[in-house]
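To start, the structure under review is shown below, and the notes come after it.
Just so you know, ligand 1 is whichever comes first in the structure, and atom 1 is the first atom listed for that ligand. These figures come from a predicted structure and were not determined experimentally.
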Amino acid sequence: MQLGIVTLFPAMFAAVTEYGISGRAVRSGLMNLELFNPRDYTTDKHRSVDDKPFGGGPGMLMKTEPLMASIAAARRAVEKKHAAGADKTKVIYLSPQGKTLKQDSIIDLAQRESMVLLCGRYQGIDNRVLESEIDEEWSLGDFVISGGELAAMTLIDAMTRFQPGALGDEGSALEDSFSNGLLHSPEYTRPQSINGQDVPEVLLSGDHEAIRKWRLKQSLGATWLKRPDLLQAMSLETEQEELLEQFKQDYLHD
Ligand code: 9D3
């Protein structure tokens, strides 16, 4: 995947390019990031990247000309690299006004060959840049962070997990929490006992069918307790209904 990233803070992207699963995907060429700093596209003596909003009010906006020039450069760079005949590279603006990213949207976005990610700073961008240059707006959710970089990195990390081969031994992105709409069941590692708290017997039994049922029951129960909104939005199969009923009975009685 070819990513052109427009950001005033390119150094922040070391968090994805140098660490963990995304770091490995970048080193192997699975994910290719090219960073474009609007500051490098300024023409004034002070290299200004912010400007005052017309009409007044608190805060600044990103300065338009360096922003436009850096978006254009990012678009040219990724379009040069990705396969001819592919769909037009979309420009995605990470913004609090965007649609909230969900695992389903990540899976869709992860299929693309290329994209430009625009990270906003200050109070955002001129509305004409939004209308003429931005194809999609995505948000992390209804809370405030200081700029688009952490959102872009979150998106990159989440998309990386769906690139073929990106998860070595770490499992399958399709088996993650949320992929079946439920939270994951509890997991245990050694030792078998800590301060009198023991690993559930069934996990030591070697009975794969019993373990599958136990995990599904715990998964349904955890979702019922912690994310009832997720259960509300789905229809359960007969086995799932029964296991959730059992979980509720157990929960009531101890
Ligand atoms: C003036 C009111 N706010 C606009 C809705 C101000 C404002 C808040 C946060 C302006 C910019 C920002 C910076 N945030 C992001 O760039 C951002 C973000 C977020 O704040 N929350 C969730 N997802 C995202 S993605 C990018």
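At a cut-off of 3.5 Å, with distance as the only test, no side-chain donor of Thr160 or Ser22 sits close to an acceptor on the other residue.
In this pair, Tyr251 and Trp224 present their aromatic rings perpendicular. The plane angle is above 60°, beyond the 30 to 60° band.
Taking a 4.5 Å side-chain heavy-atom cut-off between Ile, Leu, Val, Met, Phe, Trp and Tyr, the cluster of Val202 extends to Tyr188, Val199, Leu203, Leu204, Ile211, Trp214.
Side-chain contact check for Lys99 versus Glu136: every heavy-atom pair is 4.5 Å or farther apart.
Not a single donor-acceptor pair under 3.5 Å links the side chain of Ser105 to the backbone N or O of Leu101.
Between Arg47 and Asp40 a salt bridge is recorded (basic side-chain N to carboxylate O distance below 4.0 Å).
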Between the protein and ligand 1, are there any N or O atom pairs that come within less than 3.5 Å of each other, and if so, what are their names and distances?
from     : atom 1 : to     : atom 2 : distance (Å)
ligand 1 : 14 (N) : Ile145 : O      : 3.2
ligand 1 : 16 (O) : Gly148 : N      : 3.3
ligand 1 : 20 (O) : Ile145 : N      : 3.0
ligand 1 : 20 (O) : Ile145 : O      : 3.4
ligand 1 : 21 (N) : Phe143 : O      : 2.7
ligand 1 : 23 (N) : Ser139 : OG     : 3.3
ligand 1 : 23 (N) : Leu140 : N      : 3.0

